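The figures that follow rest on heavy atoms only: side chains count, while hydrogens, waters and symmetry mates do not. Please read these numbers as outputs of a predicted model, since none were measured by experiment. Proteins come first, then strands; the chains are lettered A, B, ... in the order of their sequence lines, and each starts at number 1.
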There are 2 protein chains.
Amino acid sequence: MTVSRSATAGGAKARKEAGETATGEGAALQMGELSELLGYVLKRAQLRVFEDFLRCVAPLQLTPAQFSVLLLLDRNPGRNQTEIASTLGILRPNFVAMLDGLESRDLCTRTRSANDRRSHNLVLTDKGKAVLARAKRLVATKHEARLNELLGPESRATLLSMLTRIAREF
Amino acid sequence: MTVSRSATAGGAKARKEAGETATGEGAALQMGELSELLGYVLKRAQLRVFEDFLRCVAPLQLTPAQFSVLLLLDRNPGRNQTEIASTLGILRPNFVAMLDGLESRDLCTRTRSANDRRSHNLVLTDKGKAVLARAKRLVATKHEARLNELLGPESRATLLSMLTRIAREF
DNA sequence: GATAATTGTTATCCACCATATCAAATGGGC
DNA sequence: GCCCATTTGATATGGTGGATAACAATTATC
């Protein structure tokens, strides 16, 4: 597996237009058991979905990671960095710069906890709530809507449940 | 979205054992609409699958990316770097070091093409074929077998087809 | 034969992930 | 109270993957 962006290879472009057999020198490559490898297809699909997410939410300049942080802060106001980061699978050191970015854009605030003065209470600002609301709308009406259009609601639900199963039990 | 490794957060560990209500200060965080975000679950599942892949094929010291290259070379011997790389979505510059690694381990060879002396014909060595065969066996008997055990064959097929659809048409 | 395009390559940059380490603060044992 | 381990946020740092620009050698096009 490997997988990054362009699926439409350059090999096809290099093919000559003359009448060649299907096995001519410029023929498309055989994917072989690659198309049966779940990890490979999984990664390709994930890249596509993230790509589309970025496009849909581009007006708000939010990455998937930042969006997930805002979502979590909205549902869990007052938590500290360790809790938010670990819930999202982010290591605490890497979460610092990320929060710096969000805080410098006035989307959330760090305030020292009264109980435990080591930790910071993380809270969304009003601007953060507004941006999140707009982001949620964009995601729902553009991103997820497009997925629903491709798969249909029931297939989408099935896919989600299988992926959740893998993420939790595998 | 964000997603990296540990799903089992540290927030749960920090919970006190005393009799607290469900909304106590140490309660688990609410995931909110995060668990409904396909991109988020998709990435988490992908990380799990890659993690397991690495474990299963660890004796052969092959990454998912390297495995995919070997698979493609086996099915498409004699292709050049541009063709192999672009098929896998790898940029040509980044594919150079990758091939260096495989070639230095004597898994494949670069030989100047007779027709076009700019390009290299890529071919698996005998050792490369042997390693690939062993890798395929490990993947089938350990990695994919475990997925089949979790999902069942028919669900696995459904999942694969939906992911392929996303990867191609989304 | 002059010019454009392609191939492999290098250099370089950026994002993300991971580890070790630190100071400040807290908690536990005594 | 005091010592010691732990926790929290933070810094520095390294590794890996992905992306662009540029280059020499070669080939294609006109």
(message) Just the rounded figure in Å: distance from P of D:dT6 to CZ of A:Arg92.
(response)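 In whole Å, D:dT6 P lies 16 Å from A:Arg92 CZ.
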
(message) Less than 6.0 angstrom separating the ring centers of A:Tyr40 and B:Phe67, yes or no?
(response)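 Judged by ring-centre distance (under 6.0 Å), A:Tyr40 and B:Phe67 do not meet the cut-off.
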
(request) Give the rounded distance in Å between these two atoms: CD of A:Gln46 and C1' of D:dG18. (result)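 Spelled out: CD on A:Gln46 to C1' on D:dG18 is 13 Å.
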
(message) Taking the cut-offs as 6.0 angstrom to the six-membered ring centre and 45 degrees off its axis, would you call A:Arg146 and B:Phe170 a cation-pi pair?
(response)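 Yes, A:Arg146 sits over the ring of B:Phe170.
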
(message) Nearest whole Å is fine: how far is D:dT7 P from A:Glu83 CD?
(response)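 Result: 13 Å.
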
(message) Nearest whole Å is fine: how far is C:dT7 P from B:Arg79 CZ?
(response)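 Rounded to the whole Å, the gap is 12 Å.
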
(request) May I ask you to verify if any side-chain N or O of B:Thr82 is less than 4.0 angstrom from the OP1 or OP2 atom of C:dG8? (result)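 B:Thr82 to C:dG8 OP1/OP2: side-chain N or O found under 4.0 Å.
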
(message) With a cut-off of less than 4.0 Å, is there a side-chain N or O of B:Gln81 near OP1 or OP2 of C:dT9?
(response)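 B:Gln81 to C:dT9 OP1/OP2: side-chain N or O found under 4.0 Å.
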
(message) Checking the side chain of A:Thr111 only, and the main-chain atoms of A:Asn121 only, is there a donor and an acceptor separated by less than 3.5 Å?
(response)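 A pair under 3.5 Å: yes.
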
(request) Could you pull out the closest heavy-atom pair between B:Glu144 and B:Arg156, with the gap in Å? (result)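 Nearest heavy atoms, B:Glu144 then B:Arg156: OE1-NH2, 2.9 Å.
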
(request) State, to 0.1 Å, how close A:Arg92 and A:Ala85 come at their nearest heavy-atom pair, and which atoms those are. (result)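 Taking A:Arg92 first and A:Ala85 second, the nearest heavy atoms are CD-CB, 4.4 Å.
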
(message) Hydrogens and angles aside, do B:Asn80 and B:His120 bring a side-chain donor and acceptor to less than 3.5 Å of each other?
(response)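 Note: B:Asn80 and B:His120 side chains miss the donor-acceptor criterion.
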
(request) Mind calculating the distance between CG (A:Asn80) and C1' (C:dA25) to the nearest angstrom? (result)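 So the CG-C1' distance, A:Asn80 to C:dA25, works out to 13 Å.
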
(request) Would you kindly give the CG-to-P distance between B:Asn94 and C:dT12, to the nearest whole Å? (result)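 Rounded to whole Å, this separation is 15 Å.
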
(message) Using whole Å, what does the distance between atom P of nucleotide D:dG17 and atom CZ of A:Phe50 come to?
(response)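 Roughly 18 Å, once rounded to whole Å.
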
(message) Counting only heavy atoms and a strict 4.0 angstrom limit, can you tell me which residues of residues 114-121 of chain A come near DNA chain D?
(response)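 Residues of residues 114-121 of chain A that come under 4.0 Å of DNA chain D are, in numerical order, A:Arg118, A:Ser119, A:His120.
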
(message) I need the CG-P distance between B:Leu88 and D:dG17, as an integer number of Å.
(response)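 For the pair B:Leu88 CG and D:dG17 P, the rounded distance is 14 Å.
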
